[in-house]
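Remarks on the structure that follows.
In this text the structure is predicted, and so the values were computed from the model without any measurement. All values below were derived from every heavy atom in this structure, side-chain atoms included, with hydrogens, water molecules and symmetry-related copies excluded. Both ligands and their constituent atoms are indexed starting at 1 by order of listing.
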Amino acid sequence: MTLELRGQQEAGQYVNGEKEVSEPNPLQSLAVLLVDDQPANLLALEVVLLPLQVPLVRAASGREALKRMAEQQFSCILLDVVMPGMDGFETALQVRETPLNRLTPIIFLTAADLEQDTVIKAYAQGAVDFVKKPFVPEIIRSKTKVFIDLHRQALKLVEMAAESAAQEGRERLSLLFENVQNISIFNVSPHGKILDWNVGAERIFGWPANEAVGKHAGFLYTENEVQLGFPEKYLREAKLHGRLQTEEWRWRKDGSRFWADVAITALKDMNGAFRGYAYIIRDATFRRLAEEKVAAARDEALKASKAKSAFLANMSHELRTPLNAILGYSELVYEELEADGDEHTLEDISRIRLSANHLLALVNDILDLSKIEAGKLEMQIEEFVLAQAIGDVVETARPIITRNENALEIEHGDPTIKITSDRTRLCQIIYNLLSNAAKFTTRGVVKLKWTAHSTADDGWMELTVSDTGIGIDAGHLEMIFEKFHQVPHKIGKHLEGTGLGLAINKLLCDHLGGTISVASESGKGSSFTVKLPLHISDPLGSKTRPKAELAES
Ligand code: ADP
């Protein structure tokens with residue numbers, strides 16, 4: 001099978017999408033330039049050289065001669081030596097600077113015998129011959145003819161070399177395309193007739209070349225597709241835009257299907273006239289199946305994760321009711337025992353209350369997390385005075401901070417500044433940071449510092465909770481905001497906790513449009529910084545709803 005390489009033939013005309021500058025007309029480059037300031041001499045030269053049947057170009061001065069030489073190539077230059085302004089020798093010198101005529105032979109026309117020195121200088125400047133005026137017509141004609149013939153032969157050689165290089169390139173490409181096994185390549189006429197069919201096409205479609213070539217490209221499409229206007233729709237698109245790329249199922253001769261990566265390119269000839277189309281089709285079934293598997297696995301995982309979150313949300317909701325009952329009743333029993341002065345049982349009841357409270361905190365954390373993950377976290381956005389909200393949290397957290405003999409330091413920001421955000425969630429974030437600082441610091445300092453800057457439509461608050469506690473190993477810092485991650489601290493006592501607080505903080509900060517970060521050094525202390533916008537307009541993935549409704553959940 002011979003594959004016509006239309007695309008490749010065309011490609012030669014274009015470089016980076018630009019049309020290449022056209023080759024010089026070979027006959028024009030056989031032209032002879034005649035340079036003399038005397039019109040009579042120019043006319044005489046023309047008459048003498050006319051029988052050579054090559055274009056003759058006149059120039060009346062050295063300057064004009066250089067202009068002509070910049071425009072086109074000559075096979076030979078006849079140059080008068082004595083001219084006003086730029087003489088022949090000077091002109092010859094400059095000829096060597098012109099890209100087109102750098103190597104063009106020059107015949108000097110002289111009126112008198114030249115000194116030997118002058119002749120040597122002229123040869124050095126590129127003269128190849130001298131003719132003395134008044135010249136003998138036959139001599140000057142035959143000398144000029146020699147150079148024209150030489151030039152003609154040189155041109156022929158260049159042409160032959162270019163042609164053989166092009167032919168070699170064509171053959172190499174043809175060989176390559178014919179032998180490409182994994183890519184189907186075929187050309188289609190402007191009317192959709194298949195013109196050739198490579199080995200790759202035979203392998204991928206299962207049709208041998210002799211059964212495919214000559215048929216309309218529609219034979220590769222189903223009856224239904226043909227009725228819907230394929231492949232013409234594709235061909236029209238390719239013709240309009242130069243190229244069409246698509247992926248779709250295609251059918252083999254044996255009826256099996258494969259996922260095809262199809263590229264159709266419109267082809268044009270040297271003159272830009274439309275010549276047909278080139279189809280390049282790859283079998284991408286393997287990739288497609290792999291992608292489908294990944295997508296299915298992802299869907300499955302997402303479904304499972306959603307189901308898990310929903311289950312956790314329901315479970316924690318259900319657990320809270322009996323837990324609250326346990327807490328309520330133990331509270332009652334505690335009060336009664338306290339009144340009776342039964343110290344021994346009081347201790348047991350205290351343990352029940354402590355454990356029940358811990359369990360409730362855990363259940364609340366799980367409920368929060370699963371709500372956020374299930375995309376069910378609902379925010380209540382309102383405007384409030386930041387200093388007030390922070391002051392409230394600090395007072396709630398004060399007892400747990402001082403319990404470990406810690407000093408609490410506060411550095412307040414602007415007391416009047418207002419924030420539009422979710423107050424409950426913001427307080428939850430701060431309380432969690434303060435209770436962690438309290439938990440991991442003994443006889444140290446827990447410090448809360450906040451600032452806020454407001455502009456007309458923008459503004460940020462920055463709050464840092466730092467402590468002088470046990471700190472966090474550098475190796476754990478990156479994972480500190482992941483669910484259930486707890487640093488194995490070597491402090492010899494068990495510290496309560498779920499490893500969920502910081503994960504929830506991170507998700508809440510995201511929802512409030514801000515960030516949370518940590519800096520810590522083992523043994524020296526930790527510092528957590530929260531940055532939040534002062535005006536949250538559209539909290540991430542959440543809806544606002546009335547406070548009453550939120551309180552019920
Ligand atoms: P937990 O309920 O365990 O405190 P968190 O998510 O709030 O869960 O914290 C995760 C882990 O990060 C903690 O178990 C602790 O190891 C470490 N951590 C958090 N805050 C501090 C802190 N201020 N100092 C030292 N370690 C901390």
Worksheet item: Out of curiosity, is Phe528 lining ligand 1, as in a heavy atom under 4.0 Å away?
Response: yes

Worksheet item: Among Val465, Ile472, Asn432, Leu434, which residue places a heavy atom closest to atom 26 (N) of ligand 1?
Response: Ile472

Worksheet entry | Sub-4.0 Å heavy-atom contact, Gly499 with ligand 1 | yes

Discussion item. Going by ring pair (Phe, Tyr, Trp, His ring centres under 6.0 Å), name the pairs with one or both residues in residues 279-315, residues two or more places apart or in two chains.
Written reply: Phe186-Tyr279

Worksheet item: In terms of atom number and element, which parts of ligand 1 are under 4.0 angstrom from non-hydrogen atoms of Gly501?
Response: 5 (P), 6 (O), 7 (O), 8 (O)

Worksheet entry | Any His476 heavy atom less than 4.0 Å to ligand 1 | no

Response to the item:
Contact region, Leu502 to ligand 1, non-hydrogen atoms below 4.0 Å, reads both

Worksheet item: Yes or no on side chain to side chain donor-acceptor pair (under 3.5 Å) for Asp348 and Thr345, after CA distance, side-chain angles and deciding distance?
Response: CA-CA 5 Å; Asp348 293 337; Thr345 326; 5.7 Å; no

Response to the item:
Atoms of ligand 1 under 4.0 Å from any heavy atom of Gly471, numbered from 1 in the order shown, are 25 (C)

Worksheet item: Which atoms from ligand 1 have a heavy atom of Lys439 less than 4.0 Å away?
Response: 1 (P), 2 (O), 4 (O)

Discussion item. Only heavy atoms of Leu500, strictly under 4.0 Å: list the atoms of ligand 1 that pass.
Written reply: 6 (O), 8 (O)

Worksheet item: What atoms of ligand 1 come closer than 4.0 angstrom to any heavy atom of Ile480?
Response: 12 (O), 17 (C)

Worksheet entry | Parallel, tilted or perpendicular: ring planes of Phe481 versus Phe528, cut at 30 and 60 degrees | perpendicular

Fill in: Lys306 atom NZ: more than 12 heavy-atom contacts under 6.0 Å
no

Worksheet item: Between Arg398 and Glu395, does at least one N-O distance fall below 4.0 Å, as a salt bridge requires?
Response: yes

